[in-house]
Amino acid sequence: MERVAVIDFETTGMSPEHGARATEIGIVILEGGVVVDRYQSLMKSGARIPSFIEELTGITNAMLRQAPPAAQVMREAAEFVGEAPLIAHNASFDSRFWHAELERVGLSCQQPFACSMLVARRVFPSAPSHKLGTLIEYADLQVTGRFHRALADAEMTASLVARMCDELARTYGLRDVPHSLLRKIQATPRTRLAECVRSFRG
DNA sequence: TGCCAGGCCCTCTTTAGGGCCTT
């Protein structure tokens with residue numbers, strides 16, 4: 001696969017349209033199935049983290065008081081990602097925060113998102129669930145840190161993506177699984193995965 | 001005060017409802 005950026009946000013809630021803000025961002029650069037670079041930062045927006053999310057993530061309001069401003073972090077993150085296409089686990093969530101936080105600092109990154117959860121539903125249909133933690137265990141991948149911390153989740157999502165690409169390459173005899181094929185797979189019904197991949201090969 | 005998401009996917013479906021997944 002070409003150079004891609006795997007991204008994960010921790011936030012104060014589910015929806016930026018209803019006032020939720022990002023509290024931490026983690027990004028890893030994946031090249032040829034290998035993580036070659038990492039970016040991580042807490043970010044201070046002024047929004048308060050509900051106590052149950054403090055417990056979930058381990059990120060506290062006290063920690064955010066010491067964090068760099070969200071605007072500075074998002075500018076750094078956008079520069080770090082550059083033109084690379086993006087991947088996230090349940091990308092509909094992270095893409096909303098990516099665009100909302102960038103918009104606040106007058107930036108716009110329009111590269112496409114692929115969703116590792118949607119791809120996993122097709123590549124690993126028999127997994128007990130398609131939560132990130134369950135998939136890491138199911139695929140016998142290494143737990144690289146605490147779940148619900150941005151860099152650890154981004155890193156484990158990257159290893160899941162690499163594993164799924166290996167699985168697709170082996171099953172269908174592909175030399176490469178580009179980001180555009182992941183996008184095509186996630187938009188195809190599960191029962192038509194084989195047809196989708198073969199038509200991509202031409 | 002209490003509530004506020006959104007897209008995918010399955011099925012007892014398609015003029016719908018509810019679970020999954022992200023924090």
Spacing of CZ belonging to A:Phe9 relative to CZ belonging to A:Arg96, to within rounding of 0.5 Å: 12.0 Å

Distance-only, no hydrogens or angles: does the A:Arg75 side chain make a donor-acceptor pair with backbone N or O of A:Val105 under 3.5 Å? no

So OG1 of A:Thr11 and CD1 of A:Ile49: to nearest 0.5 Å the spacing works out to 9.0 Å

4.5 Å side-chain heavy-atom contact, A:Thr60 and A:Leu64: no

Using a distance-only test with no angle check, is there a side-chain donor-acceptor pair under 3.5 angstrom linking A:Thr157 and A:Glu155? no

Pairs under 3.5 Å (N/O, protein and nucleotides 17-23 of chain B):
| from | atom 1 | to | atom 2 | distance (Å) |
| --- | --- | --- | --- | --- |
| B:dC21 | OP1 | A:His130 | N | 2.5 |
| B:dC21 | O2 | A:Asn90 | ND2 | 2.7 |
| B:dT22 | OP1 | A:Leu132 | N | 2.7 |
| B:dT22 | O4' | A:Asn90 | ND2 | 3.0 |
| B:dT22 | O2 | A:Asn90 | ND2 | 3.4 |
| B:dT23 | OP1 | A:Asp153 | OD2 | 3.3 |
| B:dT23 | OP2 | A:His148 | ND1 | 3.0 |
| B:dT23 | O3' | A:Glu10 | OE1 | 2.7 |
| B:dT23 | O3' | A:Thr11 | N | 3.1 |

C1' gap between B:dT14 and B:dC8, integer Å: 16 Å

List the residues meeting side-chain hydrogen bond (donor to acceptor under 3.5 Å, both in side chains) with A:Asp37, not counting sequence neighbours, and say none if there are none. none

Are the side chains of A:Ile7 and A:Ile87 in contact, using a 4.5 Å heavy-atom criterion? no

Rounded P spacing from B:dC12 to B:dG18 in Å: 15 Å

If we take the P atom in both B:dG6 and B:dT13, what is their distance in whole Å? 27 Å

Side-chain heavy atoms of A:Val35 within contact of A:Ile29, under 4.5 Å: no

Could you run down the sub-3.5 Å N/O contacts of the protein with nucleotides 11-14 of chain B?
none

First of A:Ser15 and A:Thr188 reached from the 5' end of DNA chain B, by closest nucleotide: A:Ser15

What's the gap between B:dC4 and B:dT23 when it is taken at their C1' atoms, as a whole Å value? 15 Å

Taking the P atom of each, how far is B:dG7 from B:dC3, in whole Å? 23 Å

